[in-house]
Every structure is written in structure tokens, then in C-alpha cells.
Amino acid sequence: MQRLAKPPIHPSVCCLRYWTSNIFIHRYSVSKDTMSNEIDALAELKALVKLLQSNVDRIETATKAASLEFPSLRTTFSPQSEAARQLPDVAEASSEIVAAASQLIAAVRPPPLTVFSTGLSFHIPSSLRVAVEVHVAEFLRDAGSGGAHVKDIAKPTNVDPYKLARILRILATHYIFVEVAPDVFANNRISSCLDSGKSVATLVAHPEQRYDGTSGITALLGHFGDEAFKASAYLSDVMTDPATSHNYEANKTAHSKAFNTNLDMFSWFETPGNEYRGTRFGHGMNGSRASMPANAIVEGFDWKGLKEGAVVVDVGGGVGSQCLVLAENFSHLRFVVQDRAPVVLEGEKFWGINNPDYLSSGKVKLQPYNFMEQEQPVKNADVFIVRTILHDWANQFCIKILRNLRKAATPNTRLLVVDNIISYACKEEAAKDIPGAAMPLPPAPLLANWGPASSMSYLADIQMLSCHNGQERTATQLRDLLSETGWKLVEVRRATSFGLALHNAIAVPV
Ligand SMILES: C[S@@+](CC[C@H](N)C(=O)[O-])C[C@H]1O[C@@H](n2cnc3c(N)ncnc32)[C@H](O)[C@@H]1O
């Protein structure tokens, strides 16, 4: 029993021995307290497993009722074949499964392993970026389930096959690609998302056009794996440096430190040598649509209720991907897409590919506009959309953007803010006076904010912090920001989608 008195061996000395030693202590020192802890822990594990089972049953019932097949990981991704996931019951059951499975893993895995593997998990996005740059998914498109040998996959881009095999293996270990035989890899549903639809030969011959006409998914991953990843590596440095720790300027960020610039990220995109990054970012914003239900913007507002010829202004609208969806669904509306001048040029290409008639008929107008420096030029807007704009900026800058819009608003103008609306990771008093703002609570013992089922919102929050000193906001924070600038938040329409769910917040002038 003397061993029980020994302090546990510190994990930094040897985590495996630490665990062996602790298991020993646990087995042989069964006090009343540890006993009840063990029982609670087991009860929680069982509750989590029960949640997994009941939600799989729920998916089966919902998909059968709708005569839809739940997509298998072994099949190829396409937006159409994801239809089952859009069923509200399936979406909610999937969220519960992700939250329960993640909590189960956290509960059963030795904590040192959890912190070490979390601490090293940055190798996964860097490996993902290698796979995208080497066009692996496109190469494997025609290889089918038999896959291709890594020596062949490596050839078109002339990378080292032995290194590439290791990259693909860590991804396969995280369910992106499958290693079907030693050093032979095939696409699965997740890796096939990385397929831009172009041939490897075209991608290698014309790298400057690689994102043109694509879904934008690879462009978004390019932005994540380059600017955002490098910025994030400096987050701790800027947060602990007294010169930057309390600063909220958009040019005093982890990104500006990583790239040694005194410019905010959007201005930096326009500097010599970074233009391709700016273009990639524009395509990437289009790619963010892929993680949302196609009709999210359609259901986010009563577009049908607007009068014939009503003017919708998408402020910082990027290339105009949201207005394209709206234009295709609502023929009675007119659109103005505003953004920085270089983005507007990209927008012209985007509309040229997708629907040139909208531009030539005047239904859609692209307008260079800088919301930090210029007064809002459209004074008869029925709706101003700011989609994933406010989250790019700290409050002091959002106030400027929102006041500018308020000044240009008529009494009937509506403001549609589309952004992540986050919750605390514990229970909170919801903003009860805002219809739709309360986030539905998951069943016990899941985390009140749905844990990793909603992790995209919190990852986005840190992405905004690293790149812009921006932030995702709670409904209450958004309400307060709006009320400071002459807007009243009247309704939140929460997306029912799973994962990256941007929500629609509707405000009226006061
Ligand atoms: C996160 S993206 C969102 C794009 C689009 N609203 C969407 O949801 O896909 C932010 C956009 O704000 C634009 N932007 C940044 N600073 C701006 C400024 N000062 N004036 C106008 N647009 C700006 C960027 O060029 C970019 O297109």
C-alpha cells in the first residue's frame, strides 16, 4: 500500500507510466468518493451510448420516411447526394451523435493523450493543404475504389512519393482518403469533397485559373491552410505581447505579425505578390456555401414579401454568390453587390461564368465600395445584407459600418445580418426578448452549446481573432451592437443545418 502514498508520476515524465500508475491507484484505493465517481462516470458513458443508439434509429426512421438514403463514407460526395442530411430530424440527430461521440472520446481517452494529440493536431490541416496542392482528390477521381499507388499520385506535381504517403496516411487515419492497400490510396466521401472537378493536367498547366468555375472548397481550404494557419501560430505571441495584447485594430493581429505587415488582411491582399491570395479568398467565400444548405439565404428572410423591383444591397458581398442564389429564386428583386474594387473585378468574372444576363439586363449591379471610407451610396435599399462582415471586425469598426448603413436607410429598410451566433459553453440566460434567439438545449449529459457539434462557430471565432481582431457574437452582443447604431434586432432565424450554420438576424431602423 505504500505505492498509494507516492505522488503520481508527472505526465511530462512519462504519460504511459502515469496512466499505469493511476489505474493501479484507482483499483486499489476504493474509497466511497472514488467509487461514486466511477459509478457516475460509467452512468455518463452509458447515457452517451444510449444517445448514439437512439439517434441512429432516428436517422433510420427519418430517411426511410423520406425514401432517401443516408450517404455512406464509401461513396462520392455531391451536393445532391447529401439530401438526407438536410432533413431536420437527420440534422438534429447528427448533431447529437457528433456531440455524444466526441464527449465519449473525451471521457474515455487518457487526458495526457487528449492534450498531446490536440497539441499536435495542427499537422492535420497542414497535411490537408499538401493533399490539395498536389491535387490528390482529382487524381483519384478516376481510380475508383481500387485507388492508385502513391508513386503515380505524386508524379504530376513531382513531389516525393514516400513523404506524400505519410501525408495521405495521417489523413486516411482521420477518415479523409482510404489506404486500400499499403501505399495505395482511394477517395472516400470526405476526400472527394476536395475534388475541384478539373483535370490534374489542367490544374498543373494553369495554376492561376485553378479556382475558376469551381465550388470554391479548395480555395477556402487554401486560405485556411495558408494565411489563417500561419496567423494562428502567432496568436499566443500577440496576445501576450503588451504592445498588442489589448489592441483591437485590424492591422495589429496574429496575421499581421505572421506576415510582417502593417496592413489589415483585406488591404494586404491587394499588395504586390498577394493578389492570388485575394483572388483565392474571393473564391473561398463562394466555397463557404458548400457547408450550408443551398437555400439558407432563401429561407433567411421574407424575400417574397418585398415589392416588385425592391432593391437588395449586399454590402461586402464578395463576388456575389448570395445574390446569385437570390436572383435565381426571386425574379421580382434587383440587386447591388458592393465590395472592394479588386473583388468587384473577380465578381465580373463570376457572373460572366454563372449568369451574364443578370449583369447585362441590370438586374444585378456590381459596385466598388469601401465601407470603411465611403458613405453608403444606395439610399433606397429595401434590404441591406451584411453576411459574414461584422464578424471580421471589432466592435469599434462594426459601429462605423452599421451607422453608415443606418444613415442611408429609409424607415422601411431592413438589415439582414448573416453570421455565426454563438453561445457560451454553459447554460446562459438567453436574450428572451429576441424572437428565435434562444439556442435549443441538447439532452444531458451533452455540453449546453452542443460541444464539437457546433465547433465550426468557435473555430471561426478564433479565425476572426487571428486574422482580423474580429469576433463571432452572441445574440445579446449583436443586439447591443445594433442598438448602439440605430438598429433594433427583431428576429433571429436560426439555420437548422448541421455544423457551420450561419444564422439570419433581422433588424429594423429605430
Ligand atoms: C468574409 S467575406 C464575406 C463575403 C460575402 N459577404 C459572403 O458572405 O460570402 C468579407 C468581405 O468583406 C469585403 N471587405 C473587406 N473590407 C471591406 C471594405 N473596407 N469595404 C468593402 N468591402 C470590404 C472583403 O473583400 C470580403 O469580400
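Predicted, not measured: the structure shown is a model, and the values here were computed from it. Order of listing sets the numbers, starting from 1, for every ligand and every atom in it. Numbers here simply count residues along the sequence, with the first being 1.
- Residue contact check for ligand 1: Trp393 places a non-hydrogen atom closer than 4.0 Å to it.
- In this structure, Tyr248 has its ring center at least 6.0 angstrom away from the ring center of Phe397.
- From the protein, the heavy atom lying nearest to atom 2 (S) of ligand 1 is Met285 SD, 3.5 Å.
- Short contacts between ligand 1 and Asp392, defined as distances under 4.0 Å to a heavy atom of the residue, involve ligand atoms 1 (C), 10 (C).
- Between Trp351 and Tyr358, the ring planes are perpendicular. Angles over 60° get that label, and only those under 30° would be called parallel.
- Using a 4.0 Å cut-off to heavy atoms of Val343, the atoms of ligand 1 that qualify are 25 (O).
- Heavy atoms of Ile389 found under 4.0 angstrom from ligand 1 belong exclusively to the side chain.
- Between Phe266 and Phe269, the two ring planes are perpendicular [angle over 60°; tilted spans 30° to 60°].
- Counted by atom type alone, Asn286 and Tyr211 present zero donor-acceptor pairs between their side chains at under 3.5 Å.
- Considering only non-hydrogen protein atoms, atom 3 (C) of ligand 1 sits nearest to Thr388 OG1, 3.2 Å.
- Taking each of Arg387, Met372, Met464, Glu270 in turn, the one with a heavy atom nearest to atom 9 (O) of ligand 1 proves to be Arg387.
- Comment: Arg280 engages Glu227 in a salt bridge, judged by a side-chain N to carboxylate O separation of less than 4.0 angstrom.
- Within the structure, ligand 1 lacks Gln322 among the residues with a heavy atom less than 4.0 angstrom away.
- Among Asp264, Asn370, Asp314, Val319, the residue whose heavy atom lies closest to atom 19 (N) of ligand 1 is Asn370.
- Between Lys198 atom NZ and Asp212 atom CG the span is 5.5 Å, to the nearest 0.5 Å.
- Note: Phe122 and Phe229 have tilted aromatic rings, judged against thresholds of 30 and 60 degrees for the angle between ring planes.
- Atom 25 (O) of ligand 1 has its closest protein heavy atom at Asp339 OD1, 2.6 Å.
- Side-chain atoms of Ser78 and Ser81 include a donor-acceptor pair closer than 3.5 Å.
- Listed by number with element, the atoms of ligand 1 under 4.0 Å from a non-hydrogen atom of Tyr369 are 20 (N), 21 (C).
- Looking only at heavy atoms of the protein, atom 5 (C) of ligand 1 is closest to Gly316 O, 3.3 Å.
- Seen from the ring of Phe70, Arg85 counts as a face-on cation partner, given the 6.0 Å and 45° thresholds.
- At a cut-off of 3.5 Å, with distance as the only test, a side-chain donor of Asn55 or Glu96 sits close to an acceptor on the other residue.
- The closest protein non-hydrogen atom to atom 22 (N) of ligand 1 is Phe371 CE2, 3.3 Å.
- At a heavy-atom cutoff of 4.0 Å, ligand 1 is contacted by no atom of Val418, backbone or side chain.
- At a 4.0 Å heavy-atom cut-off, ligand 1 touches Phe266 through the side chain alone.
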